[in-house]
S.K.: 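Got a structure here, written out as structure tokens. Questions coming.
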Amino acid sequence: MSERKNELFIYNSLSGQKEKFVPIHKNFVGLYVCGPTVYSNVHLGNCRTFMSFDLVYRYLLHLGYKVRYVRNITDVGHLESDGDTGEDKIAKRARLEQLEPMEIVQEYTIDFHDVLNEFNNLPPSIEPTATGHIIEQIEMIKEIISNGYAYEVNGSVYFDVLKFNEKFPYGELSGRKIEDLISGSRDLDGQEEKRNSLDFALWKNASSEHIMKWPSPWGIGFPGWHLECSAMSTKYLGDHFDIHGGGMDLKFPHHECEIAQGCASTGKSPVNYWMHGNMLTLNGRKMSKSTGNSILPKEMFAGTNDQLEKAYSPSVVRFFTMQAHYRSTLDFTSEALNASEKGFERLMDAVSLLPKLNSSESSSIDVQALIATFYTAMNDDFNAPILVANLFDAVKFINSVNDGKATVSASDLSLLTKEIQAFVFNVLGLKLSEKIEESKLEPVMDLVLELRQQARANKDWTTSDQIRDGLANAGITVKDGKDGSVWR
RNA sequence: GGUCUCGUGGCCGAGCGGUUAGGCAGCGGUCUGCAAAACCGUCUACAACGGUUCGAAUCCGUUCGAGACCUCCA
């Protein structure tokens, strides 16, 4: 599939248009995605972003790229509020729960991994933590200071945005003009140390009661939030790499600051392609921890949230997110989920049918052309909804072959099977619905269906319906086809 | 207040200058002991008003509505 690599286009937030993807090093891709701050449980909105980039990662792998995927864990330095006076989020949580900060970090890191694993996200190649890279962050601050783009005040170091803007465009990514930013910024407490309110902290002096702190050339303190991503992406991907992703809400100021830090320390912009995933909305509003407008994955799998009619499996939720483009907002409702669940089952039924199909002399449709549409969709900025629509064309074809209303040649069948399985399982990351002890159940079901078939042959509908209803109560659906019955 | 995005049929959601997106739901058939599934057919669209164009959901303008960012958030 290597020739298909040359046809991938990615929407670059920096330029505002789709650009042909050309990696810095042939066949290799460096991908960095901003991870979570582990001070509470991840909600569904967070998960959508990580699923979006999981799709990107998976498709790049499918195209044959060797991808180094780095996604951080923020375990220090993320302040609770603006003005750089707020408490560290993790430290605050630790104080409230009377725990060590690292106990908080551990608890929610495990939760994060569990949930992403449920959604069948591939783990990143490297998952660095901010606290594990204090030295790298200090080194980067030193470089920025020596290049003249940062200054120290009372043991804290701030990035000098106005000075930086003289040489580099600040606000390029988010499309902001520095004058607007200056006039639009509010006066907040605790900013006396800064030369300008736009300046952001690279290092913060820690008060004596502060729990998480480290020694530095400027005294005891802790790193600013924006710095960790710059330090860790540089360490593992170099000072210039291919793709940087994250949620739309990180575009400003976080990613803007990352660009500034990169330029200020190395003289060049750190990233070629910036990608931003859009938000998941609930009741028309962004899902958000701080406003409480969110649903937790565990509530979803258990069906315990009042906003949901019932429980939904991780694969259904994943399929639901894949039916919308990653750059569009997606509205979350039980009704939409129900529709996705039905569609998901139909897709998976067809996929399971694939190996059981009989081949013919020739194919009644152009199978190669059908497969090509899968690539066309994904090459157009990872357009998963189009891919899904095209897969449903394949579903129709598969069912028609199964009904004897269409034909497929042996070679086309093996090709189609290979590609569909690749796109459904490897690219979209969907899984067949979790079946209960299928290996043990299989012979039992064969026996039960055989008995029912005998009853049907004798026109003993009472017995046959009794078996069908009984199985339905056990969560097993029986479908009667021309060539006998199947169950699922 | 500033910057920006969006407004598609009952619901979710693609498309972004000329073709049926797709899924779910609905309706009519085929099949079936019945049901389910599957298949075939079918109905609802592009917020409003102007403009550009041979042609606009798609480009431009205005209005209305919703949302995001500007402050922690994926």
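Each chain gets a letter, A, B and so on, in the order its sequence line appears, and its residues count up from 1.
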S.K.: A:Asp380 has an atom CG; how far is it from atom P of B:rG15, in whole Å?
M.R.: 7 Å
S.K.: Ignoring backbone atoms, test whether A:Lys177 places a side-chain nitrogen or oxygen under 4.0 Å from the OP1 or OP2 oxygen of B:rU3.
M.R.: no
S.K.: Hey, does the side-chain of A:Arg346 have a donor or acceptor N/O within less than 3.5 Å of a partner on the base of B:rC24?
M.R.: no
S.K.: How would RNA chain B look in dot-bracket form, 5' to 3', counting Watson-Crick and G-U wobble pairs with both distances under 3.5 Å and writing | for bases paired to another strand?
M.R.: (((((((..(((.....[...))).(((((.......)))))....(((((..]....))))))))))))....
S.K.: Could you give me the CA-CA distance, side-chain angles and deciding distance for A:Asp480 and A:Arg452, then say whether salt bridge (Lys or Arg N to Asp or Glu O under 4.0 Å) is met?
M.R.: CA-CA 11 Å; A:Asp480 297 331; A:Arg452 178 164 173 272; 3.0 Å; yes
S.K.: Classify the side chain of A:Ser464 versus the base of B:rG33 as yes if they form a donor-acceptor pair under 3.5 Å and no if they do not.
M.R.: yes
S.K.: Which value, in whole Å, describes the distance between the P atoms of nucleotides B:rA48 and B:rG9?
M.R.: 10 Å
S.K.: Just to verify, what does A:Phe397 make a ring-ring contact (aromatic ring centres under 6.0 Å, His included) with, not counting sequence neighbours?
M.R.: none
S.K.: For a quick test of reading the model: is some side-chain N or O of A:Lys479 closer than 4.0 Å to OP1 or OP2 of B:rU32?
M.R.: no
S.K.: After noting the C-alpha distance and the side-chain angles of A:Lys204 and A:Asp88, does the key distance pass the salt bridge (Lys or Arg N to Asp or Glu O under 4.0 Å) rule?
M.R.: CA-CA 11 Å; A:Lys204 282 297 288 179; A:Asp88 181 290; over 6 Å; no
S.K.: Need one value for A:Ala336: base, sugar-phosphate or nothing, where a base atom within 4.0 Å counts as base even if backbone is also close, heavy atoms only.
M.R.: sugar-phosphate
S.K.: In whole angstrom, give the distance that lies between atom CG of A:Asp180 and atom C1' of B:rG1.
M.R.: 12 Å
S.K.: Can you measure A:Leu330 atom CG to B:rC12 atom P for me and round it to whole angstrom units?
M.R.: 10 Å
S.K.: Taking CZ from A:Phe320 and C1' from B:rC11, how many angstroms apart are they, rounded to a whole number?
M.R.: 11 Å
S.K.: Nearest to the side chain of A:Pro385 - B:rC72, B:rA14, B:rC24?
M.R.: B:rA14
S.K.: CD of A:Gln323 to CD1 of A:Ile386: how many Å apart, nearest 0.5 Å?
M.R.: 12.0 Å
S.K.: Specify the residues of residues 44-57 of chain A, ordered by number, for which at least one heavy atom lies under 4.0 angstrom from an atom of RNA chain B.
M.R.: A:Gly45, A:Asn46, A:Thr49
S.K.: Taking OH from A:Tyr39 and P from B:rA74, how many angstroms apart are they, rounded to a whole number?
M.R.: 6 Å
S.K.: Let's see if you can work this out: which of B:rC70, B:rA25, B:rA74 has an atom nearest to the side-chain heavy atoms of A:Thr37?
M.R.: B:rA74
S.K.: A:Lys286 side chain N/O closer than 4.0 Å to the phosphate oxygens (OP1, OP2) of B:rC69?
M.R.: yes
S.K.: For residues A:Tyr11 and A:His325, establish whether the separation of their ring centroids is below 6.0 Å.
M.R.: no
S.K.: Could I get the full list of side-chain contact (heavy atoms from CB on, under 4.5 Å) partners for A:Asn293, not counting sequence neighbours?
M.R.: A:Leu282, A:Asn283, A:Arg285, A:Thr291
S.K.: To the nearest Å, give me how far apart CZ (A:Arg452) and C1' (B:rA36) are.
M.R.: 10 Å
S.K.: Sequence neighbours excluded, which residues qualify as side-chain contact (heavy atoms from CB on, under 4.5 Å) partners of A:Asp412?
M.R.: A:Ser363, A:Val367, A:Val408, A:Ser409
S.K.: Holding to ring-ring contact (aromatic ring centres under 6.0 Å, His included), I want the full list of residues that pass it with A:His276, two or more places apart in sequence or in another chain.
M.R.: A:His255
S.K.: Residues from residues 390-399 of chain A sitting under 4.0 Å of RNA chain B, heavy atoms only?
M.R.: A:Phe392, A:Lys396, A:Asn399
S.K.: Quick one: on RNA chain B, does A:Lys289 or A:Ser174 contact a more 5' nucleotide (nearest heavy atom)?
M.R.: A:Ser174
S.K.: If you check every side-chain atom of A:Arg468, which of B:rG33, B:rC69, B:rC12 has the closest atom?
M.R.: B:rG33
S.K.: Applying ring-ring contact (aromatic ring centres under 6.0 Å, His included), can you list everything that pairs with A:Phe423, at least two apart in sequence or on another chain?
M.R.: A:His62, A:Phe374, A:Tyr375
S.K.: Taking the side chain of A:Ala324 as heavy atoms from C-beta outward, which of B:rA74, B:rG13, B:rG67 is closest to it?
M.R.: B:rG13
S.K.: Classify the ring geometry between A:His226 and A:Phe200 as parallel (under 30°), tilted (30 to 60°) or perpendicular (over 60°).
M.R.: perpendicular
S.K.: Check the phosphate of B:rA14 against A:Ser328, side-chain N and O only, distance under 4.0 Å to OP1 or OP2. Yes or no?
M.R.: yes
S.K.: When all nucleic acid strands are considered with a 4.0 Å heavy-atom cut-off, which category describes A:Asp349: base, sugar-phosphate, or nothing?
M.R.: nothing
S.K.: When all nucleic acid strands are considered with a 4.0 Å heavy-atom cut-off, which category describes A:Val33: base, sugar-phosphate, or nothing?
M.R.: nothing
S.K.: Mind checking what makes side-chain contact (heavy atoms from CB on, under 4.5 Å) contact with A:Lys459, not counting sequence neighbours?
M.R.: A:Trp461
S.K.: Has the side chain of A:Asp403 got a donor or acceptor atom sitting under 3.5 Å from an opposite partner on the base of B:rC40?
M.R.: no
S.K.: Just to verify, what does A:Asn305 make a side-chain contact (heavy atoms from CB on, under 4.5 Å) with, not counting sequence neighbours?
M.R.: A:Ile295, A:Glu299, A:Gln307, A:Leu308
S.K.: Would you kindly give the CG-to-P distance between A:Leu280 and B:rC12, to the nearest whole Å?
M.R.: 13 Å
S.K.: Which residue lies toward the 5' end of RNA chain B, A:Met287 or A:Thr281, if each is placed at its nearest nucleotide?
M.R.: A:Thr281
S.K.: Under the rule for ring-ring contact (aromatic ring centres under 6.0 Å, His included), what residues qualify as partners of A:Phe319, not counting sequence neighbours?
M.R.: A:Phe344
S.K.: Nearest to the A:Arg176 side chain among B:rG2, B:rA36, B:rC12, which nucleotide is it?
M.R.: B:rG2
S.K.: OP1 or OP2 of B:rG15 less than 4.0 angstrom from a side-chain nitrogen or oxygen of A:Asn383, does that happen here?
M.R.: yes
S.K.: Please list all pairs passing the salt bridge (charged side-chain N to carboxylate O under 4.0 Å, His left out) test where one or both residues lie in residues 223-233 of chain A, with sequence neighbours left out.
M.R.: none
S.K.: Between the base of B:rG33 and the side chain of A:Asp465, is there a donor-acceptor distance below 3.5 Å?
M.R.: yes
S.K.: How long is the line joining OH of A:Tyr11 and C1' of B:rC4, in whole Å?
M.R.: 11 Å
S.K.: Please tell me which of the listed nucleotides, B:rG2, B:rA74, B:rC11, lies nearest to the side chain of A:Glu335?
M.R.: B:rC11
S.K.: Reckon A:His43 touches a base, only the sugar-phosphate, or nothing at all at heavy-atom distances under 4.0 Å?
M.R.: base
